[in-house]
Structures are given as structure tokens and as C-alpha cells.
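What follows is a set of notes on a single structure, which appears directly below.
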Protein chains: 2
Amino acid sequence: MTTADLADDLLRSAARISRWASRHAALELPWAQTRVLSLVDELGPARVTALAAADDSSQPTMTAQVQRLEAEGYVSRVPDPDDGRAGLVSLTAAGARALGEARRARARALEPVMAGLDADPARLRDAVALLAELVEATRSPSPALPRTP
Amino acid sequence: MTTADLADDLLRSAARISRWASRHAALELPWAQTRVLSLVDELGPARVTALAAADDSSQPTMTAQVQRLEAEGYVSRVPDPDDGRAGLVSLTAAGARALGEARRARARALEPVMAGLDADPARLRDAVALLAELVEATRSPSPALPRTP
DNA sequence: CCACTATAGATAGATAGCCTATCTATCTCA
DNA sequence: TGAGATAGATAGGCTATCTATCTATAGTGG
């Protein structure tokens, strides 16, 4: 089993499990918008551009999502005091609630499946931790590559 | 850390890593269509309805995807000899090639990140195996629930 | 202070991905 | 053979995205 096979297997399973959970949870908001709420939650008051980068999506896409979320009261926007061009997006109380609901809904779908596996809890925790490390590693501009200044 | 938190963490990481890989790999085909190719590959000559169920999508959605893939030569369809209403979808050589390419492209994106983690290979393998078990468990109609005939 | 260039965000137009509702053809079986 | 079930196709509509482009504000060297 090569590393490439391992990566392929990991990606296939990750895609399936995520899709499955989304489709088996009754979400109040479309998945893409839930994703944005999650990013706003993490990044605090953030610019549209920063959110787009974090979401691996284009700036126009993020602009549209933020506009819809704002129109529906899930996020609010204030002008950036330091930059007249920019705005800072934050969660409203409704947004925080909706995000919590969405997370619980997806987790509720997966929980019985996890329980049914009857796997060693430590093994499960370790796998989840590893996945998180992997996500974290995708964020930093690959430390393996030598910087050429 | 409750099981629900664990499930939530797992889902968040799974969604991110999968999205990240898709967006950092140059795919010849849109992701949804690649997904369908993957299912056709797994399920062999399969009906549209079976593919839709396996993909957690609706039958009309799958009909449309299969039509596009067929028009572009990635899959072929023959009438089901046992059922005049049904058809059986299979990969063409071009479809198999495109699927292989897509998998390699996504794996290539993730591989350096995995390598950069410098994690214990056994730990990595185990995590991937666990994810696969989890996906498998979502397929069976939850063995926990008692059958009411 | 001014023209230049870079950056933040918005707009336009197009395609893909999906859904629900509905329609047709075919199967099954009493 | 006629009723109900099932396979798949159509219609219509909304969301998610992209690329290209536009506006307005910042920062910068003269």
C-alpha cells in the first residue's frame, strides 16, 4: 500500500462520510452557507477576502454568500475602521445558533454509526486527531518546500 | 470530549480535507461527475436508481449526470435484458482513465501534506481504515435499530 | 498634491449541481 | 386484463461557483 493509495483512500472515505452526514441531517441552511458560518465563527470579525481564502473559494462567491447570510440575519457587517474599502463580518446571535444547530444535526446523524462500529474509543479519538492535524497542515504553506527569498 | 463532539470534529475535518483536495487538484471533470464515475466503477453495470441511492442523491440528478457522462463518452448504457424499463451503466475506457486520473490528482495534492505531518505510518493507516469502516457502516441500515417486520 | 498601481469588494453572465413534482413505459400479479 | 409498483425522463427552480470586469479606496514615488 503506497502513500498515494493511502491518500486516495482517505480522500474517498472523507468525501463520502461528509456527504452522507450532510444528506442525512436536516439542515436549516444550505451546506455551503453553513460552511461560511463556521469560518466566520473561527476567524472572528473577518474580511470577505479572508473568508474566501479560508474556504478555498473565489471572492465573488464569498461576497454573494455573505450578502445572503446578512440579508437573512445570520451575520452582520461593519466597515473596517482601518480601511475604507473593507468590511468585517461577524456572526449574529442567530448565526451562532444556526451554526450550533447544524453541527449538532450532522453529529447526531453520525453518532449512532460511530457507536455501532464499537471501535476502541482511543483509536477513534486518535483518528479524529490525525484528520485535524492533516487539515491544519493544509493551511500552512507547506513547510517542506524551501523558501526562496 | 463527548461522542457528539468527536463526531462533529470528524465531520468538520473530513469536509475540509476533501474540499481542499478537490480544489487543489486540477480535475478534468467536475467533482460530482467524478463521484459518479467512482460509483459506476464500484457497482459494476448498475442502474441509475442504484447509483442515485449509493450517491445519496435523487434519481433525476443521477439521470442527468449519467446523460452527460454518456454524451461525453465516459460511460455507456445498455438496456437491462431482464427489465425493459431499466438500463445498465458501465464505465468506458475513457471513463476508467478519467477516474484514475482524478484519483491520482487528488492524492497527489494530499500526499505532500501527509508526508509533512511525519506521523507514524501505522497510525495513519489505522485512521484511514477506521474512516473506511465508518463509511461502510453508513451503508448498512443501522444494525442497531431493531427490525420491525 | 498627483498620477500610478495595488487591493477590497461588488456586479454581470454562465455553468454545474440538486431538488420536488410529474409523466411515460414497463412489470407484476391477482 | 386491469391496478398498483417501479425505472427512468422531463420540467422548472434555486444554490453554488467561476471568470471577467468595475468601482472605490489605499499607498507611493515624484
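Since the model is a prediction, treat every value here as computed from it, not as a measurement. Reminder, nothing fancy here: chain letters follow the sequence lines and each chain counts from 1.
Although no hydrogens or angles enter the test, the distance criterion places a donor-acceptor pair under 3.5 Å between the side chain of A/Thr34 and the main chain of A/Pro30. The main-chain N or O of A/Ala14 is never found under 3.5 Å from a side-chain atom of B/Ser18 such that the two would form a donor-acceptor pair. Judged by distance alone, with hydrogens and angles left aside, the side-chain atoms of A/Arg47 form no donor-acceptor pair with the main-chain N or O of A/Ala86 at under 3.5 Å.
The side-chain hydrogen bond (donor to acceptor under 3.5 Å, both in side chains) test applied to B/Arg23 returns no partner, not counting sequence neighbours. Residues that satisfy the side-chain hydrogen bond (donor to acceptor under 3.5 Å, both in side chains) test with B/Ser13, not counting sequence neighbours, are absent from this structure.
The side chain to side chain contact (heavy atoms under 4.5 Å, CB included) with B/Val89 is formed by just one residue from the set B/Val36, B/Leu69, B/Leu39, B/Val40; it is B/Val40. Remark: of the listed residues A/Leu91, A/Val66, A/Leu29, A/Leu29 is the sole one forming a side chain to side chain contact (heavy atoms under 4.5 Å, CB included) with A/Tyr74.
Along DNA chain C, the stretch of nucleotides lying under 4.0 Å from any heavy atom of chain A spans, 5' to 3', C/dA6 to C/dC19.
Applying a 4.0 Å cut-off to non-hydrogen atoms, none of the residues of residues 96-110 of chain B approaches DNA chain C. Within residues 75-83 of chain A, the residues having any heavy atom closer than 4.0 Å to DNA chain D are, in order of number, A/Asp83. Looking at residues 54-62 of chain A, you'll see A/Gln59, A/Pro60 sit with a heavy atom under 4.0 Å from some atom of DNA chain C.
If A/Gln67 and A/Arg23 are placed on DNA chain C by their nearest nucleotide, the residue sitting closer to the 5' end is A/Gln67. Both A/Arg85 and A/Ala64 lie near DNA chain C, and the one whose nearest nucleotide falls closer to the 5' end is A/Arg85.
Follow the hydrophobic side-chain contacts under 4.5 Å out from B/Met62 and you never reach B/Leu88; the two are in separate clusters.
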**Message:** I'd like to know whether A/Gln65 forms a side-chain hydrogen bond (donor to acceptor under 3.5 Å, both in side chains) with A/Thr61, so could you lay out the CA-CA distance, the side-chain angles of the two residues, the decisive distance to 0.1 Å, and finally the verdict.
**Reply:** CA-CA 6 Å; A/Gln65 294 293 28; A/Thr61 293; over 6 Å; no
**Request:** Start with the C-alpha distance between A/Glu111 and A/Arg108, add both sets of side-chain angles, then the distance that settles salt bridge (Lys or Arg N to Asp or Glu O under 4.0 Å), and finish with yes or no.
**Result:** CA-CA 5 Å; A/Glu111 246 191 295; A/Arg108 255 200 311 276; over 6 Å; no
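Of all non-hydrogen atoms in A/Ser22 and A/Leu27, the two that sit nearest each other are O-CD1, 4.1 Å. Residue B/Val48 comes nearest to B/Thr63 through the heavy atom pair CG1-OG1, 3.6 Å, listed as atom of the first residue, atom of the second, then distance.
Between B/Arg125 and B/Val128 the shortest side-chain heavy-atom distance does not fall below 4.5 Å.
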